[in-house]
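What follows is one structure encoded as structure tokens, with my remarks underneath.
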Amino acid sequence: MSGTPRNSRVLLVTGAASGIGAAIAQLAVARGHRVMLTDVDEQAVQARALSLGGRAAGCVLDIRDPAAWDKAFEAAEAAFGAVDVLVNNAGITHTGHARDLSPRQHRDIVEVNLLGTITGTCTAIERMTAKGHGHIITVCSMTAFLPLPGYATYCGSKYGVRAFHHSVALEERDGPLNFTIIHPPSTRTGMLDQEMADPACAISFAEKSYAPEDIAETVVDAIVSRPVEVVFPPVGGRVQRIAGVFPRLMRWVIPLAEARGRRHRERLIAAKAGARRPGTARPSDRSTV
Ligand SMILES: NC(=O)c1ccc[n+]([C@@H]2O[C@H](COP(=O)([O-])OP(=O)(O)OC[C@H]3O[C@@H](n4cnc5c(N)ncnc54)[C@H](O)[C@@H]3O)[C@@H](O)[C@H]2O)c1
């Protein structure tokens, strides 16, 4: 492709129609990489790819479907050449306490977040190893360290993703591939809007939230710096990681964080309602969520 920088990589990004995945694709293209955006929502991902110009293309990929993974890798290869970097980003949640979710909802979360990521990683390992190089970047979650009320199965799926990712990275340590895992905290996407609508998820609002572009910057930087694991925020994330090791400490700390989250969530809802009334000010800074 003419005008492609020398250090340009070919990325395949899952869940790229919206949220963090869309921000990763946009920044990667802006930095000269070529990106195959994939998503279960075909129309949305094609529209998103079209908006990014000639270094982006889109195709449907339901990460639960092994055959669809092969097709997506082939589509990326046809458009831009062999995939250098897989970004496992797609994920879902169903909000609420575990006892209130249906068996189908529990299964959905595990099938997408854990099994979908496993299928994609295994597909990438086979294809990238055959090419002699590759980098698998997995967007996981701080809930992989800290179990939270309102997120039981989601946390379980993300604990599983982290354990799988690091196990595979160890298995492949003598091979040609690199592995990075990145753990966002609350990030202002459709997923957080979904959580805002459910008081059971109040704990997500206990701390400052991030913009999807902040997470995207860490992911796209990782293509070059290849860190093993990144937590957010740098200091607070490490504290959360330690707290997650001690169940008695969690029983004491998490209810306090949940109460703070409830207060912040109520303030945000009130601010939004105020912003919708004609003649009232908009909430000035969502970064204080
Ligand atoms: N938003 C947050 O607060 C937050 C925090 C920590 C981690 N994460 C993780 O970041 C990743 C991206 O989340 P987001 O906040 O951008 O969510 P989002 O809901 O904004 O976007 C997720 C995208 O994934 C797609 N998707 C859903 N099911 C799919 C499937 N089966 N196959 C392929 N694509 C599918 C959706 O269509 C959507 O475009 C997820 O893995 C999520 O768990 C998000």
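Counting starts at 1 for both ligands and their atoms, in listed order. Here, residue 1 is the first one in the sequence, and each next residue gets the next number.
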Could you list each N/O atom of ligand 1 together with any protein N/O atom closer than 3.5 Å, one pair per line with the distance?
residue, atom, partner, partner atom, Å
ligand 1, 1 (N), Thr187, O, 3.1
ligand 1, 1 (N), Thr189, OG1, 3.1
ligand 1, 3 (O), Thr187, N, 2.8
ligand 1, 3 (O), Thr187, O, 3.4
ligand 1, 15 (O), Thr189, OG1, 2.5
ligand 1, 16 (O), Ile20, N, 2.8
ligand 1, 21 (O), Ser18, OG, 3.3
ligand 1, 31 (N), Asp62, OD1, 3.0
ligand 1, 32 (N), Leu61, O, 3.4
ligand 1, 32 (N), Ile63, N, 3.0
ligand 1, 34 (N), Val40, N, 3.3
ligand 1, 37 (O), Asp39, OD1, 2.7
ligand 1, 39 (O), Ser18, OG, 2.9
ligand 1, 39 (O), Asp39, OD2, 2.6
ligand 1, 41 (O), Asn89, O, 2.7
ligand 1, 41 (O), Lys158, NZ, 3.0
ligand 1, 43 (O), Tyr154, OH, 2.6
ligand 1, 43 (O), Lys158, NZ, 3.0

Can you list, pair by pair, the side-chain donor-acceptor contacts under 3.5 Å of residues 237-250, counting residues two or more places apart and other chains?
residue, atom, partner, partner atom, Å
Arg238, NH1, Pro234, O, 2.8
Arg241, NH2, Glu229, OE1, 3.2

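- Scanning for salt bridge (charged side-chain N to carboxylate O under 4.0 Å, His left out) contacts around Arg31 gives Asp221, with sequence neighbours left out.
- At a threshold of 4.0 Å, the pair Glu258-Arg263 does not count as salt-bridged, since none of the basic side-chain nitrogens sits closer than that to a carboxylate oxygen.
- In this view, Asp108 and Arg104 satisfy the salt bridge (charged side-chain N to carboxylate O under 4.0 Å, His left out) rule, not counting sequence neighbours.
- Salt bridge annotation for Arg262-Glu266: absent, with no cationic side-chain nitrogen under 4.0 angstrom from a carboxylate oxygen.
- For the ring-ring contact (aromatic ring centres under 6.0 Å, His included) with His183, the qualifying choice from Phe232, Phe145, Tyr159 is Phe145, the only one to do so.
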